[in-house]
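We name chains A, B, ... by the order of the sequence lines, and we start the count at 1 in each one.
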Amino acid sequence: MERQYNFAVIERKWQGYWEANKTFKSPDCVDKPKVYVLDMFPYPSGSGLHVGHPEGYTATDIYCRYKRMKGFNVLHPMGWDAFGLPAEQYAVDTGTHPAQTTRKNIETFKGQIKSLGFSYDWDREVGTTDPAYFKWTQWIFKQLHDRGLAYIDEVPVNWCPALGTVLANEEVIDGRSERGNHPVERRPMRQWMLKITAYAERLLEDLDGLEWPEGIKEMQRNWIGKSVGAEVDFRVSGSEEKIRVYTTRPDTLFGATYMVLSPEHKLVDSITTPGCRESVEAYRRHAASMSDMERTELNTEKTGVFCGATAVNPVNGQDIPIWIADYVLISYGTGAIMAVPSHDERDFEFAKKFGIPVRCIIEPEETEAEKGGVDTADVLEGKVCWTGNGRMINSSGSQGLDINGLEVAEAKARTIAWLENQKLGKAAVNYKLRDWLFSRQRYWGEPFPVIHMEDGSVRLVPDEELPLIPPELENFHPSGTGESPLANAREWLEYTDPKTGMKGRRETNTMPQWAGSCWYYLRFIDPCNDKALVDPEKERYWMPVDLYVGGAEHAVLHLLYARFWHKVLYDIGVVSTKEPFSRLVNQGMILGLSYKDTRGALVPSDQVRITPEGPVHAETSERLEEFPAKMSKSLKNVVNPDDVIKEYGADSMRLYEMFMGPLEAVKPWSTSGVEGVYRFLKKAWRMFAEKDISARALTREELRTLHSTIKKVSEDTESLDFNTAISQMMIFVNEFGGKPDLPLEAAEAFVKLLAPYAPHIAEELWESLGHSGSIAYEQWPQHDEQFLAVDQVEILVQIQGKPCKKMNIPAASSQDDMKSLALDDPDVAKALAGKEVRKIIAVPGRLVNIVV
RNA sequence: GCCCGGGUGGCGGAAUGGCAGACGCAACGGACUUAAAAUCCGUUUCCCGUAGGGAGUGGGGGUUCGAGUCCCCCCCCGGGCACCA
C-alpha cells in the first residue's frame with residue numbers, strides 16, 4: 001500500500017471501475033425495498049458547475065450509498081433540463097445551433113459531475129431536448145388538451161422586447177425580466193394557457209400529507225391563496241344591470257359606502273353617465289398605459305374616478321356611488337368590490353382621499369384593540385379602520401337582515417344564509433392562483449403538437465407522428481412580430497391535410513422550460529420506453545420519489561407545476577400516486593467570501609490582498625471587511641469545483657461540502673476548511689498505511705469508540721445530518737490514529753462508515769484490507785448497545801444549581817444512590833454545613849442538584 | 001405591511017430542559033528538520049488573577065431545583081409575498 005494518499009490516482013481508478021462494472025445500475029422491480037432519491041436536474045449552462053451544484057448532489061449520493069449498504073434497491077438518476085433561453089441567445093449571437101451548444105454543455109457538466117464520483121445510474125440519463133424525451137412532453141400536452149385543460153386565450157402578457165418573448169408572471173421581477181433584467185411591457189397576445197386553477201383545491205389539500213419544509217408548503221399555500229367568502233349582487237340604480245362582487249367579509253355589508261369597478265371591468269362603459277364619461281375614459285387610458293410594475297410600485301397613493309352611477313346596497317336599500325379605481329384588479333374575484341372603509345385598510349385609504357363616508361359597524365373586541373393600540377372611540381367615529389374581531393353594530397336593515405350583536409364569524413354565516421335565501425348572493429371561494437401561461441415565442445423549446453387549420457379549427461398532431469421536431473434554421477432571431485423564429489420556417493410551418501387538402505399552419509409558440517422538468521422524474525423510471533411514457537409496473541415499483549433535493553428557488557413554480565401535471569397523469573391513470581415527491585429537502589446556498597470597504601462598497605476578490613492585519617485593498621491598501629455574499633462573476637468570488645478537486649480531490653470536496661454545516665443552511669465557502677477535511681482523509685489513510693492491521697481483540701474503550709461511532713454515523717446519515725456524522729468519524733480517527741496498530745474489526749467497520757462520504761478512498765482502503773470488488777454493496781455495520789455502556793460516570797454535584805464537586809460514581813447508580821453518594825462526599829458536606837437541605841434532584845448519569 | 005427561517009468564541013458550527021462551545025478552521029507556543037513542506041504535541045469564550053473567582057448563547061421579562069433549549073415582549077439579519085377585496 002502506498003504511504004502517500006494519492007487521491008488523483010485513486011479517484012481515477014475507482015471512477016473507471018464503477019463505470020466499467022456498471023456498479024450503480026439499478027434493476028427494476030426486484031424483491032428488495034426500494035428508495036427513489038432524486039436531485040433537481042441542472043440546466044447545463046456554458047459556465048459549468050459551481051460549488052452550489054455538488055452540495056445537493058453529494059447529499060443525495062451519500063444517502064444513496066448508505067441505503068445500498070442497508071440493503072435497498074436505489075434509484076438515483078441524473079439528467080438535463082436543457083431547453084432554455086441562453087443557448088438560443090448564443091445562437092442569435094453566433095449562429096451556433098442551440099442543439100450543438102446544448103450537447104457541448106451537457107458534456108462539460110457530465111464530466112464535472114462524474115469527477116465527483118456520484119453513484120448515478122448513467123444508463124437512465126435523460127435530456128429534455130432529446131426528441132425521444134420530448135415526444136412524451138408533447139404527448140402530455142395532448143392529454144391536457146383532450147381534458148380541456150389547455151386553451152388558447154387572448155391575454156395581456158409580459159412582452160419583453162429585448163428578449164423577443166413573452167414571460168410568465170413569475171419570470172418578471174419588479175417589471176423587469178428575471179433573466180437579463182430587461183424592461184417588460186404588457187401586450188395582448190394569443191397564448192396557450194393551462195388550467196392549473198382547476199386543480200387549485202387538490203394542490204392545496206394534498207400539501208398536508210407531504211414531508212416538505214413547512215416554509216415551502218406555506219409558500220405554496222400562499223401562492224394558491226385560497227379565500228372563503230361570498231359573491232353578492234348589487235343592482236345598478238335605475239338600471240337592470242347587476243354588479244357582482246366577491247367579498248371575504250359579507251358581515252360588513254352594512255358598512256359598504258361605495259363600490260369600485262376595476263378599470264377593465266366590462267360594465268364600466270355601460271354604466272358611466274355622460275357627465276363622467278370624459279374623466280372615466282381618461283382614467284382608463286391612464287391605467288392601461290401603466291405596466292404592472294407601475295401599478296404596484298405606486299401603490300402608496302390610491303387613484304380613481306366616480307363614474308356617475310350608483311348601486312343599491314341589498315341589505316339596506318341605500319344608494320352608494322360606483323367608482324372606477326385600479327386598486328381593484330380585473331384578474332381576481334369578479335373585478336368589482338363593495339368597499340367598506342371602516343373595516344378594510346385599502347378602502348379606508350381610498351375613502352379618506354376622496355371624502356367618502358366611513359361607517360363603523362363593528363365594535364372592536366376590547367382586549368384585541370388594546371393590544372393593537374387602537375382607540376375604540378376612534379373606530380366608532382370612523383376615524384380609524386378596524387379589521388379585527390368584534391361585535392356588529394348598526395347592522396340591521398329595511399330588507400329584513402339583522403346581525404347586530406353578533407361576532408364576526410357568526411355574522412358572516414348569517415349574512416350568507418340570508419343572501420342565499422333572498423337569491424342575492426351565495427357563499428364563494430376564490431384563489432389567487434391564475435392559469436398558467438404556457439407559450440413562449442422561442443425556438444429552443446418543445447414545439448406544440450398543434451396545427452391551426454384554415455377553417456379556424458385546431459388540430460392535434462396524431463400520436464404516431466410524435467415527436468414533432470423543430471425545423472433546422474439558419475437564423476435564430478425572433479421574427480419581430482412577436483412570433484417565434486419558427487414563423488420563419490415556411491416549409492415546416494405549412495401543412496396540408498393529406499386526405500382533404502385543407503391547409504393549416506403549425507403553432508409557432510413553443511413550451512416554456514418548465515414543461516420538460518414537470519415530469520422527468522417519471523422518465524428516469526423507464527427512460528427508453530417508446531411505447532409509453534412509463535411502464536405501469538415499473539412506475540408502481542419506484543414511485544413516489546422518496547427524497548427530492550434541490551434549491552429553494554423552485555419552492556413554488558417547478559414544484560407546483562410538476563404537482564399539477566402529476567395529478568393530471570394520476571387522473572388519466574398513468575401514475576399511481578397522488579403526489580410525486582414524498583419528501584423534499586432544500587439545500588442552502590453556498591456563499592463566496594467577499595470584501596467591502598468602509599463605505600460599504602464591494603471590492604472584487606482579485607483586488608484584495610490578505611495581510612496579517614486582515615484584508616486590504618491591493619491598490620489603496622485601505623482596510624477591508626470580509627463578509628459572505630452570493631457568488632457572482634462581478635465579485636470574482638466564484639469557486640470552481642474543478643480547481644478544488646484538482647488540488648484536494650473529489651473526496652475532500654464532497655466531505656467539505658457536507659462538513660460546512662447543516663445541509664439546509666446558507667453557508668460561506670472557505671478554502672482553508674477544505675484543507676481541514678483533506679487533513680482528516682490523509683490521517684485516515686496513514687492510519688491504514690503506516691500501521692499493522694492486527695487481528696487482536698478490541699479493548700473495552702476501543703469497542704466503545706467504535707460502536708458509538710457506528711451509532712452516530714448511522715443515525716446522522718439517516719437524518720441527513722452529515723456534518724455531525726463527519727465530526728464523529730474525525731473523533732474515531734483521532735483516537736485510533738494514536739495507537740500503534742489498527743485492529744481489523746475496527747478498520748473494516750470504519751471504512752464502511754466512510755464509504756458513502758468519501759467513496760474513492762474507501763474503495764481503495766477496502767481493497768487494501770484484502771477484499772476484491774467494490775464496497776458499495778457491503779453490509780452497513782450495526783452497533784451493539786452493550787459496548788456503549790460504561791462502569792463509572794463522572795457526575796456533577798450542584799448546590800442551588802451552581803457546580804460544587806465532580807465525582808466518579810458507578811454508572812448504574814440509582815437516583816437514591818446518587819443522592820446519598822453526593823451527600824456523603826466530604827467536600828459536599830462541607831459546602832452544605834449549616835444549611836438545610838430542602839430537595840435533591842438526581843439525573844442518572846448526569847448530575848445531582850441539592851436545593852437548600 | 002404580512003408570512004416563513006435564523007441570531008452561540010476570531011470564523012464554520014456542536015449541544016434528549018442537566019458541566020455551553022463537540023468537530024473543524026484560524027491564531028499562538030513547542031517538537032521534528034540545515035531549511036521548508038508535511039506531520040506531531042500543547043494553548044486558545046471574555047474579564048480579574050498566583051492558587052482561584054466572576055461574566056457569558058441578540059436585548060428585556062417569565063416558568064423551572066436547573067433555560068442556548070420552553071413561554072411573553074422587543075431588536076437585528078436572511079428569504080418569500082405584497083392593493084388578491
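A donor-acceptor pair under 3.5 Å links the side-chain atoms of A:R654 to the main chain of A:Y757, judged by distance alone. Between the side chain of A:S652 and the backbone N or O of A:G649 there is no donor-acceptor pair closer than 3.5 Å. Listed for the A:K711 side chain is no donor-acceptor partner under 3.5 Å among the backbone atoms of A:E785.
Side-chain N/O atoms of A:D816 and A:S814 include no donor and acceptor closer than 3.5 Å. With 3.5 Å as the limit, one finds a donor-acceptor pair spanning the side chains of A:Y327 and A:D347.
Within residues 331-342 of chain A, the residues that have a heavy atom under 4.0 Å from RNA chain B are, in order of number, A:Y332, A:I337.
Comparing the same atom, C1', in B:C83 and in B:G78 gives a spacing of 26 Å after rounding to whole Å. The same atom, P, is picked in B:G7 and in B:C25; the two are 24 Å apart, to the nearest Å. Using P as the reference atom, B:C46 and B:U57 are 15 Å apart when rounded to the nearest Å. Rounded to whole Å, the C1' atom of B:C23 lies 12 Å from the corresponding atom of B:A15.
Rounded to whole angstrom, the span from the CD atom of A:E657 across to the C1' atom of B:G24 amounts to 16 Å. In this structure, A:K432 places its NZ atom 7 Å from C1' of B:C81, rounding to the nearest Å. Spacing between atom CG of A:N222 and atom P of B:G5 amounts to 12 Å, rounded to whole angstrom units. Spacing between atom CZ of A:R221 and atom P of B:C3 amounts to 15 Å, rounded to whole angstrom units. Between the CZ atom of A:F7 and the P atom of B:A38 there is a distance of 14 Å, given to the nearest Å.
Salt-bridge annotation for A:K682 and A:E675: absent, with no side-chain N of the basic residue lying under 4.0 Å from a carboxylate O of the acidic one. Classification of A:D827 and A:K805 as a salt-bridged pair holds, one side-chain N sitting under 4.0 Å from a carboxylate O.
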Exercise. Could you write nucleotides 13-21 of chain B as a row of B, S and -, 5' to 3', where a protein heavy atom under 4.0 Å of any base atom gives B, of only sugar-phosphate atoms gives S, and otherwise -?
Worked result: SS-B-BB--
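Remark: A:R679 is in phosphate contact with B:A26, judged by side-chain N or O atoms under 4.0 Å from OP1 or OP2. Within the structure, a side-chain polar atom (N or O) of A:S227 is placed less than 4.0 Å from OP1 or OP2 of B:A85. For B:U39, one of the phosphate oxygens OP1 or OP2 lies less than 4.0 angstrom from a side-chain nitrogen or oxygen of A:K682.
Base pairing annotation: B:G17 forms no Watson-Crick or G-U wobble pair, as no partner gives both donor-acceptor distances under 3.5 Å. Searching all strands for a Watson-Crick or G-U wobble partner of B:A27 with both distances below 3.5 Å returns B:U43. The nucleotide B:A38 finds no pairing partner, because no Watson-Crick or G-U wobble arrangement with both distances shorter than 3.5 Å includes it. In this structure B:A85 sits in no base pair that meets the Watson-Crick or G-U test at under 3.5 Å. Nucleotide B:U63 forms no Watson-Crick or G-U wobble pair with any nucleotide shown, as no partner meets the under 3.5 Å limit on both distances.
For A:Y258 and A:F350, the distance between ring centers is under 6.0 angstrom.
Taking the nucleotide of RNA chain B with the nearest heavy atom to each of A:E218 and A:V556, the more 5' of the two is matched to A:E218.
Closest of all the heavy-atom pairs between A:L203 and A:L207 is O-CG, 3.4 Å.
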